[in-house]
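Just follow the structure's listing: the first ligand is 1, and inside any ligand the first atom is 1.
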Amino acid sequence: MNDVFDGLYQVVLGRKSNPQEGSYTCYLFEKGLDKICKKVGEEAAEVIIAAKNGENGETAGEICDLLYHLMVLMAQQGIALEEVTAILEQRRRKIGNLKVIHQSDHES
Ligand SMILES: N=c1c2ncn([C@@H]3O[C@H](COP(=O)(O)OP(=O)(O)OP(=O)(O)O)[C@@H](O)[C@H]3O)c2ncn1[C@@H]1O[C@H](COP(=O)(O)O)[C@@H](O)[C@H]1O
């Protein structure tokens, strides 16, 4: 993907293999999957709230929090960044992804 994502993911993986005192990432790994999933949910909700408030700066910050917590989840589950980027790349090559939307789906 890009160097920033890769660099952050390497730090997260490093925290998993080499725990350090005072590390928030290590704290999440210690707490485990339920806590990490809870944080992903919370951060996603915060992105939604910021976006609905029309605060782009705040929304960008919340997106960063969400991406970081997703990376912690990926590392906890043993999902390589390359696995995700390969799927994104595969999808990028495909266009016309809009499926037929039923009227009831469209309204919700
Ligand atoms: N990108 C992040 C990052 N984004 C958000 N956060 C932390 O995520 C937390 C989210 O705040 P919340 O108020 O939701 O959570 P909290 O109240 O602090 O804690 P809990 O709710 O989880 O108990 C904050 O403590 C932020 O510091 C991050 N912590 C770490 N990183 C990256 O991870 C690297 C390693 O950090 P450490 O593991 O702390 O050394 C850093 O250099 C950063 O690059």
Side-chain angles (χ1 to χ4, degrees):
M1 185 160 314
N2 89 24
D3 290 349
V4 176
F5 282 91
D6 193 44
L8 177 56
Y9 197 56
Q10 293 313 316
V11 172
V12 169
L13 287 176
R15 291 292 192 267
K16 192 182 176 203
S17 58
N18 185 22
Q20 291 192 14
E21 202 158 324
S23 159
Y24 179 74
T25 317
C26 294
Y27 156 80
L28 289 176
F29 285 133
E30 266 169 38
K31 289 277 182 184
L33 181 61
D34 285 0
K35 172 71 179 180
I36 296 168
C37 289
K38 187 166 175 259
K39 292 306 296 182
V40 169
E42 284 174 13
E43 300 303 342
E46 284 170 20
V47 170
I48 294 167
I49 292 164
K52 296 282 277 183
N53 287 338
E55 303 276 357
N56 280 1
E58 204 183 309
T59 307
E62 298 297 352
I63 288 170
C64 291
D65 282 356
L66 177 59
L67 289 170
Y68 160 75
H69 283 90
L70 283 172
M71 286 194 188
V72 175
L73 179 67
M74 287 165 57
Q76 201 276 344
Q77 296 288 89
I79 298 170
L81 190 58
E82 292 73 23
E83 198 174 328
V84 172
T85 55
I87 296 169
L88 286 173
E89 177 58 19
Q90 216 175 16
R91 291 181 183 176
R92 189 178 69 82
R93 291 163 194 271
K94 212 177 126 212
I95 56 167
N97 288 285
L98 180 65
K99 291 187 185 131
V100 176
I101 299 170
H102 297 292
Q103 189 60 29
S104 58
D105 292 342
H106 196 58
E107 284 164 3
S108 61

ask   = Would you call Leu81 and Gln10 a side-chain contact if the rule is heavy atoms closer than 4.5 Å?
value = no
task = Give the atoms of ligand 1, by number and element, whose distance to some non-hydrogen atom of Glu43 is under 4.0 Å.
result = 10 (C), 14 (O)
inquiry  = Suppose I only count heavy atoms of Thr25 and a 4.0 Å limit; which atoms of ligand 1 are within that range?
reply    = 33 (O), 35 (C), 36 (O), 37 (P), 38 (O)
query = Within 4.0 Å of atom 21 (O) of ligand 1 (strictly less), any protein heavy atom?
reply = yes
ask   = Near Val11, which atoms of ligand 1 are under 4.0 Å from a heavy atom of that residue?
value = 34 (C), 35 (C)
query = Heavy-atom distance from atom 15 (O) of ligand 1 to the protein below 4.0 Å?
reply = yes
key: Minimum-distance protein heavy atom relative to atom 33 (O) of ligand 1   = Tyr68 CE1, 3.6 Å
query = Is there side-chain contact between Leu73 and His69, with heavy atoms separated by less than 4.5 Å?
reply = no
task = Examine Tyr24 and Ile63 and state if one hydrophobic cluster contains both, with Ile, Leu, Val, Met, Phe, Trp and Tyr joined whenever side-chain heavy atoms are less than 4.5 Å apart.
result = yes
task = Compare all side-chain heavy atoms of Thr85 with those of Glu89 and state whether any distance is below 4.5 angstrom.
result = no
query = Any idea which protein heavy atom is nearest atom 40 (O) of ligand 1, and the distance to it?
reply = Arg15 NH2, 2.8 Å
message = How long is the straight-line distance from CG of Asp3 back to CG of Leu8, given to the nearest 0.5 Å?
response = 12.5 Å
request  = Using a strict 4.0 Å cut-off to heavy atoms of Leu8, name the atoms of ligand 1 that fall inside it.
outcome  = 32 (C), 44 (O)
key: Which of the ligand 1 atoms, numbered from 1, are nearer than 4.0 Å to a heavy atom of Asp65   = 4 (N), 5 (C)
task = Take atom CD1 of Ile95 as the centre, draw a 6.0 Å sphere, and report whether it contains more than 12 heavy atoms from other residues, nucleotides or ligands.
result = no
request  = Considering only protein heavy atoms, determine whether one is less than 4.0 Å from atom 42 (O) of ligand 1.
outcome  = no
message = When you measure from atom 5 (C) of ligand 1 to the protein, is at least one non-hydrogen atom found at a distance under 4.0 Å?
response = yes
note = atom 18 (O) of ligand 1 sits nearest the protein heavy atom Tyr24 CE1, 4.1 Å
inquiry  = At less than 4.0 angstrom from any non-hydrogen atom of His69, what atoms of ligand 1 do you find?
reply    = 8 (O)
ask   = So do the side chains of Val84 and Phe5 get within less than 4.5 Å of each other, counting heavy atoms only?
value = no
query = So do the side chains of Lys94 and Gln90 get within less than 4.5 Å of each other, counting heavy atoms only?
reply = no
task = Answer yes or no: does an N/O atom from Lys35 fall short of 3.5 Å to an N/O atom of ligand 1?
result = yes
Neighbour count >12 (heavy atoms, 6.0 Å) for atom CG, Asp34 = no
ask   = Are the side chain of Tyr9 and the backbone of Ala75 linked by a donor-acceptor contact shorter than 3.5 Å?
value = yes
ask   = Going only through I, L, V, M, F, W and Y residues with side-chain contacts under 4.5 Å, is there a path from Leu70 to Tyr27?
value = yes
task = Distance to 0.1 Å, residue and atom name: give those for the protein heavy atom nearest to atom 12 (P) of ligand 1.
result = Lys39 NZ, 3.5 Å
Atom 27 (O) of ligand 1 touched by protein heavy atom at under 4.0 Å = no
inquiry  = Check whether Ser17 reaches the backbone of Leu13 with its side chain - one donor and one acceptor, N or O, closer than 3.5 Å.
reply    = yes
ask   = Judged by non-hydrogen atoms, does Gln20 sit under 4.0 Å from ligand 1?
value = no
inquiry  = Give me the residue, atom name and distance of the protein heavy atom closest to atom 23 (O) of ligand 1.
reply    = Tyr27 OH, 2.7 Å
Glu42, any N or O under 3.5 Å of ligand 1 N or O = no
